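Below is one structure; the comments refer to it alone.
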Amino acid sequence: MGYEPQADFGTPAVTAQTRVSLLIDGRAISVPTGTTVMRAAALAGGSIPKLCATDTLKQFGSCRLCLVEIDGMRGTPASCTTLASEGMVVHTQTSRLEKLRRGVMELYISDHPLDCLTCSANNDCELQDTAAQVGLRDVRYGYQGDNHLGAAPDQSNPYFDFDPSKCIVCSRCVRACDEVQGTFALTIAGRGFESKVSAGVASDDFFSSECVSCGACVAACPTATLNEKAVTAIGKPERAVITTCAYCGVGCTFRAEMRGEQVVRMVPWKDGKANRGHSCVKGRFAWGYARHQDRITTPMIRNAITEPWREVSWDEAISFAASEFKRIAAQHGNNALGGIVSSRCTNEEGFLVQKLVRAGFGTNNVDTCARVCHSPTGYGLKNTFGTSAGTQDFDSVEACDVMLVIGANPTDGHPVFASRMKRRLRQGAKLIVIDPRRTDIVRSPHIEADYHLALRPGTNVAVLTALAHVIVTEGLVDEAFVRDRCDQDEFRDWAEFVADARHSPEFLAPVIGVAAQDLRGAARLFATGGNGAIYYGLGVTEHSQGSSTVMAIANLAMATGNIGRRGVGVNPLRGQNNVQGACDMGSFPHELSGYRHVSDPAARALFEAEWGVPIDPEPGLRIPNMLDAATDGLFKGIYIQGEDILQSDPDTRHVAAGLAAMECVIVQDLFLNETANYAHVFLPGSTFLEKSGTFTNAERRIQMVRKVMEPLNGFEDWQVTQALARAMGLDWNYTHAREIMDEIARLTPTFAGVSFARLDAEGSLQWPVNAAFPDGAPIMHVDGFVRGKGKFVVTDYVPTDERTGPRYPLLLTTGRILSQYNVGAQTRRTENARWHLEDVLEIHPSDAENRGLRDGDWVRLASRAGETTLRAQITDRVAPGVVYTTFHHPTTQANVVTTDNSDWATNCPEYKVTAVQVTPSNGPSQWQLDYDAQSDAARRITATAAE
Amino acid sequence: MTRTVRISNDALALACGADHVAAAFAAAGCVVERVSSWGMHWLEPLAEIAGEGFGPLTADDVAAVLAGTSALGIGAIAAHPFIARQQRFTFARAGQTRPLSLDDYAAHGGWAGLDAARRIGPDGVIGEVTRSGLRGRGGAGFPAGIKWTTVAKAPAARKYVVCNADEGDSATFADRMVMEGDPFGLIEGMAIAAHAVGAQMGYIYVRSEYPHAIATLRGALDLAAPIIAPFRIEVRVGAGSYVCGEETALLNSLEGRRGEVRAKPPLPAIEGLFGQPTVVNNVLTLAAVPWIMAHGSAAYAAVGYGRSRGTMPIQLAGNVRYGGLFEAGFGMTLGELVMEIGGGTASGRPVHAVQVGGPLGAYHTPADFHLPFDYESFAAADGLIGHAGITVFDDSADMSAQARFAMQFCAVESCGKCTPCRIGSTRGVEVIDRIRARSGRGADPVESLPQMHNARKGGRSLAEDITLLEDLCETMKFGSLCALGGFTPYPVLSALRNFPQDFGLPAAAAAE
Amino acid sequence: MKMAPDSDIDDILTEHAGREGALLPILHDIQARFGHVGEAVIPTIAQALNISRAEVHGVISFYHDFHTTPPRLPVIKLCRAESCQARGVEALAAAFADETRVSIEPVYCLGLCSVGPNAWVGDQLYARLTPERLAALVEQVA
Amino acid sequence: MSGVDTTAKLVRMINQIVRNLLHDKDPVGAVAGHVHAFWSPRMVQQLRAHGSDGLDPVAIAALERLGQDHGHAAG
């Protein structure tokens with residue numbers, strides 16, 4: 001694919017029932033009512049000069065280059081702000097217009113540097129193009145007039161520069177920040193000739209301003225005023241490949257713009273159906289890890305974790321790993337082996353790993369990191385609706401009237417979708433947030449929650465039951481929906497249960513820590529406010545009652561009739577890029593792809609026929625059970641693809657003990673991660689830029705990942721898995737990831753119609769894609785639930801075992817922040833680290849005062865599981881009694897503190913509730929010191945093939 | 001015997017020393033009533049005693065006035081030719097009521113319009129306003145009835161009536177005089193508009209340069225609140241921005257934003273203040289409404305010229321002998337207004353130029369004195385009546401300096417949104433400076449660089465700069481987003497064409 | 001540097017709480033009370049109105065009335081618009097161009113256009129200015 | 001070295017499942033079904049080997065029913 005910028009129709013597309021026909025320069029065109037003359041002209045194949053207009057932003061009308069003449073209208077109206085009407089006759093190219101446009105362009109260029117040839121936007125600049133388009137040849141004003149050529153550049157942002165001398169004050173950056181991102185970090189300061197773009201206040205620069213570095217302003221800038229540093233450093237891209245972001249579950253489509261084998265920039269793709277042309281600081285800018293010096297590209301092995309690593313050939317590494325696994329199977333049985341599928345890898349890679357485990361290792365001991373994030377979603381939604389997935393597409397938010405956000409921090413975790421939520425909120429949708437912490441969605445410029453239920457961590461089920469109580473007892477149930485769509489007996493049982501006085505807001509308020517009238521108000525708003533959509537995240541699932549909470553959410557949606565159409569639904573916001581896909585691909589120990597239980601003989605038969613091996617009909621071990629079994633001496637070898645369980649899983653010391661007890665740990669990853677400290681085989685991994693495959697995002701959207709550069713290690717991850725499989729004696733001969741998808745489609749009814757060819761042609765597909773849904777299903781359960789009747793499940797509030805007491809009086813809850821991603825393996829190796837240099841502990845001023853803490857003090861954070869030290873940040877974002885931290889830095893290791901409590905149904909860890917004590921400290925804990933020493937030792941590499 | 005002396009307390013009278021005069025009368029044992037101004041500004045401070053006028057007074061003149069020996073008497077005010085020749089609808093109460101007296105207001109016909117409006121209902125009101133032919137007095141002359149109809153028909157739970165009281169044009173003060181002298185009249189007009197379109201809330205956006213008007217309006221709103229309820233009105237104060245007199249910029253400013261102009265559509269009548277349907281009318285438009293409602297649309301429409309119906313409060317200012325407010329039906333000629341009513345220049349020198357319509361209005365020569373005062377006639381003569389301010393200049397004025405000022409004013413007040421205004425006004429000042437220096441432009445150092453192969457080398461002649469200025473004016477006139485950039489070419493080009501000698505050009509250059 | 005006790009700002013913000021489009025009224029009140037609107041109060045205003053700091057800055061910098069630093073000298077605002085020009089204000093202003101004890105700043109129209117040149121000082125207006133009267137005004141203000 | 005008593009953990013796990021399924025019409029069946037669907041046979045065996053100490057009565061009954069219905073005991 002070559003490099004051509006994406007077409008820009010000047011103003012956004014409109015949807016309308018009616019159309020109007022008009023004549024533009026003699027060409028007839030019919031457009032939806034409400035379309036601008038500019039867009040109509042572009043659709044007709046014409047090109048009206050423009051600078052302030054772009055089809056990602058509302059029309060603005062400031063540059064005055066797009067003037068046209070319209071029969072019967074006075075003057076020269078701007079085509080960007082004039083709506084097409086029936087029978088209109090438009091002239092876009094007349095000598096009068098040419099003169100006016102040249103007059104405007106002459107003004108622009110009288111205040112613009114003339115350094116086009118050495119400008120970073122040379123040949124990629126709308127001002128340059130437009131000057132050529134209007135035929136500017138002479139600037140009669142000369143160049144000695146008042147100007148802005150001496151304005152100093154702002155290079156404070158790590159990824160892009162702001163050069164005001166090149167600014168044409170079109171406000172596209174400001175409007176992008178407002179309309180697209182919703183941060184409002186930019187403004188025009190001053191007025192008239194002195195108007196200039198300003199980030200934040202006068203003394204701010206971009207870095208110190210409210211800017212979240214989403215890149216929307218850079219994408220919107222028509223000149224080199226806002227330009228990526230990489231473009232300045234590397235040069236204009238030469239080719240571009242459309243691919244899918246590998247960070248969060250939003251699944252943004254990007255144009256990877258390349259120069260040779262080098263990424264120059266990642267530009268959000270306007271046709272991306274998940275992101276609609278938007279991006280965040282991670283996907284847009286934080287791709288530098290792909291070429292970071294820490295990347296390991298040569299396989300390594302060692303006999304014991306006390307030894308240094310030895311670099312070896314791929315053959316040696318693979319045969320060593322295979323022989324070890326064969327030895328373990330022979331000595332301890334197949335069930336002593338297992339594997340972990342990463343939710344970061346592609347569907348195809350995940351599918352192959354579970355296939356290797358089931359068909360090659362001969363066990364169902366396979367699990368995925370979805371275990372520790374969204375396994376309760378799979379369980380809960382399957383039980384109630386019949387499908388382990390969210391019900392809506394992201395576009396659905398545009399029709400939502402009341403958003404209920406529970407246990408999700410979308411502005412940090414799912415920023416691109418959060419921007420769409422915020423846009424809808426600015427349009428007037430109501431918002432209820434259930435979160436112990438005052439996240440940015442609760443209140444930030446131009447949005448404010450109608451209710452923020454700052455519950456005590458661990459009481460989600462109590463809150464949802466109280467809301468349900470109000471809905472049932474106040475007659476707010478959507479009775480028609482329930483009657484037509486749900487099982488009646490179960491509904492009655494549920495209604496009776498929640499209507500019990502013990503579940504009233506008044507009774508539960510002391511447990512929840514939220515005033516009863518707020519619970520009642522929120523319930524009434526959700527039930528009566530129109531289309532109600534529930535968005536949730538790991539603050540729902542990562543609890544001892546994670547699965548119950550998911551079911552309680554489903555109950556609430558059904559009771560209020562909020563399922564099966566646009567604007568409503570139950571929407572899990574998936575943490576990682578391919579959590580949905582990893583689950584779909586049969587990565588759980590009890591399920592084959594498409595959520596079919598291993599005990600299902602028909603499903604098993606299908607796989608056995610395709611793979612030619614028997615499949616164990618009994619569930620295998622989940623990750624925590626594997627680690628338990630390891631400490632019991634029963635589990636000896638594990639193949640971990642792309643997951644750093646030591647840092648990401650709870651109760652680090654237990655994970656370490658489990659890993660240390662194994663005889664062969666194979667880690668396949670980009671970097672020597674924390675888990676690799678306990679590994680015997682290290683197989684270099686490849687980034688999403690280096691391979692082909694598919695990711696499935698939170699809206700069940702299957703999207704292509706396309707190789708934009710050759711793998712640094714020589715192989716795509718699935719090829720490494722195949723090599724291991726072949727060494728284990730399996731006869732695999734995939735030559736391209738598309739063949740793996742073909743196999744998935746053959747074996748998985750919900751994927752029956754999926755193929756790379758179709759994805760290439762259609763951009764993306766939302767499963768199920770099969771005979772019943774040939775084009776996929778943006779919204780599920782439209783005419784009925786997948787399971788038949790919707791199932792109400794009684795969800796009794798069972799308090800977690802984790803209780804505060806004199807020793808551990810505070811509750812710790814954990815989460816992530818915008819600039820960092822998960823364990824930080826990627827983002828810490830980019831400039832994103834500048835926004836978050838270390839994990840800090842948020843603590844309420846009163847709790848801080850009680851402990852004599854000042855902002856920035858070192859504190860010791862201790863639970864019954866372990867302790868660590870980090871700096872305190874005093875803030876009223878958290879309630880008294882609650883502390884909060886992130887888990888992005890291995891030096892902090894927040895998970896040393898988290899416990900082995902987990903969801904009753906899925907064993908998803910209870911990251912969100914840990915009883916802790918916080919005390920002043922003056923340095924790292926002993927565990928941190930020991931860990932650092934062990935970590936350094938474990939990362940030694942013998943200099944056999946020193947670089 | 002105590003005598004009652006009436007002296008205006010409007011800002012102009014105060015600026016001319018009315019408080020000192022009032023204090024002197026009070027010290028002399030008189031009862032002093034502070035009333036609105038008659039609008040005869042050359043006579044301010046003007047004292048009225050039993051219908052007789054004395055002015056302009058200083059405190060030193062008081063004794064003579066009371067003694068009957070003053071030479072400053074003008075006889076019966078109402079009979080003064082300046083007053084007698086007027087047709088006062090909007091300013092019917094001028095000089096005669098205490099601005100914050102509800103009794104005075106009611107006694108002079110106040111609230112009759114609102115009462116009538118409430119009787120005939122919203123549709124009836126809109127019908128009356130439409131039939132009256134009332135056009136927006138802010139400058140654009142858009143029919144008020146059509147605007148109100150649009151707002152009335154727009155479906156919305158919230159609607160607004162916004163009064164544009166951002167009277168920024170030099171030579172205009174009629175809005176100020178309404179607000180300071182007859183605030184209830186404006187409030188009544190807004191209440192009628194709100195009744196007609198179904199608005200709950202009104203704002204009067206007053207420029208910060210009018211502190212007296214702001215104080216008077218606030219006082220009046222406190223008093224009138226029960227009368228106009230449930231409609232509510234709040235005064236909002238501008239912050240030094242001429243462009244906020246443009247209705248969309250004004251709405252942005254009211255919303256607490258930068259006073260940048262919005263592109264239309266959407267029209268404010270559909271998506272106005274806070275995105276809701278909004279009537280935006282000038283002070284004089286709204287203040288004309290009570291009279292129309294009280295006296296009927298026919299009586300109003302019976303006055304006027306062509307499509308300009310009713311009266312226009314014309315403001316005579318600058319170097320004029322009899323400056324002040326003169327309300328009359330449309331159609332008097334410019335010459336009548338300047339020479340007969342205004343009495344020519346205050347300096348006694350010949351009239352050189354007359355600017356009509358404020359900073360965006362054209363500079364006319366006495367050759368245009370035949371023009372009837374009406375929207376269409378002035379438009380046809382490449383001018384505009386705007387807010388009906390007339391500034392008279394004598395022959396000491398240098399019209400090239402006035403042209404420069406027009407561009408400079410545009411540069412100072414440009415919101416900066418659209419390119420022709422933002423950059424063009426600054427370039428305009430630069431080009432006019434070169435023209436005024438008769439220099440042309442010397443060789444530009446950048447154009448002279450050896451690598452600038454395609455640039456035209458060498459300087460540009462004066463004639464080329466004149467052409468450039470004309471082209472710039474065309475770019476601004478047809479390219480600008482609002483009237484500030486779009487109409488600044490009027491004073492510039494009219495000065496250039498009508499007064500070429502002031503630019504060092506032969507008179508023949510005037511004809512293009 | 002804080003320009004004013006937080007509580008004073010909070011009082012103003014509280015007074016305007018819940019008002020539509022409250023930013024300009026708030027800025028006017030702050031400027032009236034403290035003589036200027038310093039950058040230090042911007043975050044507080046932004047937080048109260050739930051808008052961004054950038055937006056507040058954009059608004060303050062748009063309007064001529066708002067100053068981010070306290071005035072150094074007493075201010076006489078002298079109308080420089082056309083009607084006062086026609087009545088000789090440019091010559092008057094030129095005569096006072098070197099005045100250092102007060103700051104003579106332009107204002108464009110006070111609505112007293114038939115009796116110029118005019119000036120505005122504090123809450124007082126002055127019409128029919130002559131060089132002598134303006135000199136007296138300068139003395140009075142300085 | 002980790003000090004983890006994995007059997008105690010299994011006891012805790014099954015008791016937790018019991019507490020969350022008590023409202024089912026057939027709690028014993030529900031617990032048995034859940035364990036059957038999600039636990040590997042070895043975990044069930046380990047718990048059986050441990051005996052009934054610390055187990056909720058419903059859990060004990062469920063383990064019993066599991067043996068009958070699903071043949072886990074035969075494993």
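A note on names: the letters A, B, ... follow the listed sequences, proteins ahead of strands, and every chain is numbered from 1. Note that the coordinates shown come from a computational prediction; the quantities given were computed from them, not determined experimentally.
Taking 4.0 Å as the cut-off between side-chain N and carboxylate O, A:Arg438 and A:Glu842 do not count as a salt-bridged pair. Ion pair A:Asp401/A:Lys430 not flagged as a salt bridge, since none of the NZ, NE, NH1 or NH2 atoms sits closer than 4.0 Å to an Asp/Glu carboxylate oxygen. A salt bridge links C:Glu99 with C:Arg101: at least one charged nitrogen is closer than 4.0 Å to a carboxylate oxygen. One finds a salt bridge joining A:Glu448 and A:Arg443 here, because a Lys/Arg side-chain nitrogen approaches an Asp/Glu carboxylate oxygen to under 4.0 Å.
Note: A:Ala189 leads A:Gly192, A:Ala189, A:Ser195 in heavy-atom pairs under 4.5 Å with chain C. Counting heavy-atom pairs closer than 4.5 Å to chain C, the top residue among A:Ala202, A:Ser198, A:Ala199, A:Ser209 is A:Ala202. Between chain C and the options A:Val201, A:Val174, A:Ile447, the largest number of non-hydrogen pairs under 4.5 Å is found for A:Val201.
Contact annotation for A:Ser203: both backbone and side-chain heavy atoms come within less than 4.5 Å of a heavy atom of chain C. Residue A:Asp204 touches chain C through its side chain alone, counting heavy-atom pairs closer than 4.5 Å. The parts of C:Ile51 that come within reach of chain A are both its backbone and its side chain, each placing non-hydrogen atoms under 4.5 angstrom from that chain. Only the backbone of A:Ala185 comes within contact range of chain C, judged by heavy atoms closer than 4.5 Å.
Ring planes of A:Phe285 and A:Tyr159: parallel class, angle under 30° (limits at 30 and 60°).
Taken from CG in A:Asp111 to CD1 in A:Ile168, the straight-line distance is 11.0 Å, to the nearest 0.5 Å.
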